[in-house]
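Contents: one structure, followed by commentary.
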Amino acid sequence: MYRSHYSKDVTKKDYNKSITVAGWIEDIRNIGSIAFIILRDKRGTLQLTVLKKKNPELFEKLTNLSRESVISVKGVCKENEKVRNGYEILPEMLEILSVAKAPLPLGVIDKVEADFDTRLDNRFIDLRKQKNQAIFNIRNAVIVAVHKYLQSQDFVEVHTPKITASSSEGGTDVFKLKYFEKEAFLAQSPQLYKQSLMATGLDRVYEIAWYFRAEEHNTRRHLNESTAVDLEMAFINDEEEVMNILENLVYNMWKKASDCKNEFKILSQKISVPELPFARIVYDEVVDKLQQRKSGIEWGQDLGTDNERLLGDIMNKEGIEFYFITKYPLESKPFYTMPKGGKYSRGFDLACKGVEIASGSQRIHDVKLLEERIKACDLNPKDFESYLKAFKYGMPPHGGFGFGIERFLMELLDIKNIRECILFPRDRTRLTP
RNA sequence: GCCCUGGUAGUGUAGUGGUCUAUCAUGCGAGCCUGUCGAGCUCGCGACCCGGAUUCAAAUUCCGGCCGGGGCGCCA
């Protein structure tokens, strides 16, 4: 047995008993006749204290190990006020499981910060840092919340193809790849598939989906491979029903994240759970507000980064963090978006502190209108044949949204670079690790 | 796609034409030290991205390449 206890699971009742711990050597402080070894495991760190006089052989072995080597140690757990955990372990048996090469390409607890590029090149070490693990523990918690909430609302989790034949649903560049004798593409989103599923009777589906986007952007808010909660629901009366699910989803994710008290402490972050319902503001009003602040935006335009931020400031002054922007101009939304009147649509965005984190709409379910809109967006209905087919044999009214997980985490944890929110980011130039 | 910006020991940096035999920190190695927790002290190790050009002289200037960072557009 390599481990009987994790560092943080040791309690007073374990004192004066023999326990076994395992992990990475974070630091060795050799004072001469006594040495302190800091051992790190997934829950935190603990201290091994070894006396030269008492066990010279073990002392030599332990103090000569390199940092980040992996060991398992059996020893008596002693209460000690001088140690941060309140206890220390006096090793009796040592098993060296893996010796780390020195010097490390990246120090886990070094006093000098490394460039993000260096960190990503050595991500497996970078992720040993408690702060980085905290991000992914919180990420896990919010994903659990997604499943829990959506399952409670009768949604079915699905998995749609990521290799597709149709080149684009518009809006972004896609990755091209060889599929035997054919040309194929990586899916930019599950949009067309989850809509097709609305014709099946599954009624409510969601997917934790990969998005692949070949845009050559180089910013801290973009990835070429990202994840999202994608959802679609049938038999809706209007987009408000979709927004209702979305705001409850976000609320549940936020709430579940707030239970990760230890992680927030590690990250030195505070969290307050937002109140429901979120504000709704129509696009026209957004334009008014922005024009009052002399932003120079004209009706029909998409907001753009600066305007999004400005709006975030305006809303923040009103004490609003989360808000839906509704009734977008039809021309600024994708072809599958349901029109509302002549120039408006049933499309909406959800913004948090000035950053768009989700966007959705009621979709068009009438195949004739859909074909018209495809043409109006300068796309060819022929390229969408298998998609359109699903609308010809009984398609109920429906709607849904896509919700970027990394963007969400950025806002949740006040992280400035989206690459921090994904284990192995893919950006304009990074393909490894 | 457009624009700005950078590349010096394992890591992070100083250095803008001439004792640069390249700074400092961290790290690594050796030694001393019985209560460390950013341990301390002594000694040592280790670097100018690649190619070409200018020059008496290039880490430093110019050109090309490779590899980064960031802003906008677009989006999540």
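In what follows, every heavy atom counts, from backbone to side chain, and hydrogens, waters and symmetry copies are set aside. All chains are named by letter (A, B, ...) in the order of the sequence lines, taking the proteins before the strands, and each is independently numbered beginning at 1. From a predicted model like this one, the values you see are computed outputs, not experimental measurements.
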Original post:
Taking C-beta and beyond as the side chain, do A:Lys353 and A:Met410 meet within less than 4.5 Å on heavy atoms?
Top reply: no
**OP:** For nucleotides B:U23 and B:G46, find the distance between their C1' atoms and express it as a whole number of Å.
**Re:** 14 Å
Original post:
In residues 55-81 of chain A, which ones come under 4.0 Å of RNA chain B, going by heavy atoms?
Top reply: A:Arg67, A:Asn80
**OP:** Between B:U42 and B:G64, how far apart are the P atoms? Round to whole Å, please.
**Re:** 49 Å
Subject >> Atom C1', compared across B:C20 and B:A47: separation rounded to whole Å >> reply: 13 Å
Subject >> Cation-pi geometry met for A:Lys327 and A:Tyr344 (6.0 Å, 45°) >> reply: yes
**OP:** Pull out every residue in residues 16-31 of chain A that has a heavy atom closer than 4.0 Å to any atom of RNA chain B, ordered by number, or say none.
**Re:** A:Asp27, A:Arg29, A:Asn30, A:Ile31
Subject >> Under-3.5 Å donor-acceptor pair between A:Arg407 side chain and B:C75 base >> reply: yes
Original post:
Has the side chain of A:Lys53 got a donor or acceptor atom sitting under 3.5 Å from an opposite partner on the base of B:U34?
Top reply: yes
Subject >> Test item: A:Asp383 side-chain N/O and A:Leu379 main-chain N/O as donor-acceptor pair under 3.5 Å >> reply: no
Original post:
Quantified in whole Å, what is the P atom distance between nucleotide B:C48 and nucleotide B:A59?
Top reply: 11 Å
Original post:
Looking at B:G68, B:G12, B:U34, which one has an atom nearest to any side-chain atom of A:Leu51?
Top reply: B:U34
**OP:** Spell out yes or no: do the side chain of A:His222 and the base of B:C74 have one donor N/O and one acceptor N/O closer than 3.5 Å?
**Re:** yes
Subject >> Minimum-distance nucleotide (side-chain atoms of A:Arg309 versus B:G69, B:C74, B:C72) >> reply: B:C72
Original post:
C1' atom, B:U60 versus B:U8: distance in rounded Å?
Top reply: 11 Å
Original post:
Distance-only, no hydrogens or angles: does the A:Asp41 side chain make a donor-acceptor pair with backbone N or O of A:Arg43 under 3.5 Å?
Top reply: yes
Original post:
Is there a side-chain contact between A:Asn132 and A:Glu420 (heavy atoms, below 4.5 Å)?
Top reply: yes
Original post:
The side chain of A:Arg419 lies closest to which of these nucleotides: B:G27, B:G70, B:U13?
Top reply: B:G70
Subject >> Closest nucleotide among B:A76, B:A25, B:A39 to the A:Val112 side chain >> reply: B:A25
Subject >> Rounded distance in Å between the P positions of B:A9 and B:G15 >> reply: 15 Å
Original post:
A:Phe324 vs A:Phe278 aromatic rings, parallel, tilted or perpendicular, using cut-offs 30° and 60°?
Top reply: tilted
**OP:** Determine the contact category for A:Glu216: base if any of its heavy atoms lies under 4.0 Å from a base atom, sugar-phosphate if only primed atoms, P, OP1 or OP2 are that close, otherwise nothing.
**Re:** base
Original post:
Between A:Asn417 and B:G70, does any side-chain N or O lie under 4.0 Å from OP1 or OP2?
Top reply: yes
Original post:
Would you say the base of B:U36 and the side-chain of A:Gln47 have a donor-acceptor pair closer than 3.5 Å?
Top reply: yes
Original post:
Could you state the CD1-P distance from A:Ile89 to B:G35, rounded to the nearest angstrom?
Top reply: 21 Å
Subject >> Spacing of the C1' atoms in B:G29 and B:G69 (rounded, Å) >> reply: 34 Å
**OP:** Please work out if A:Ser189 contacts a base, only the sugar-phosphate, or nothing of the nucleic acid, heavy-atom cut-off 4.0 Å.
**Re:** nothing
Subject >> Pairing string, 5' to 3', for RNA chain B - Watson-Crick or wobble contacts under 3.5 Å, brackets [ ] where pairs cross, | to another strand >> reply: (((((((..(((.....[.....)))((((((.......))))))...(((((..]....))))))))))))....
Subject >> Distance between P atoms of B:G18 and B:A57 (Å, rounded) >> reply: 14 Å
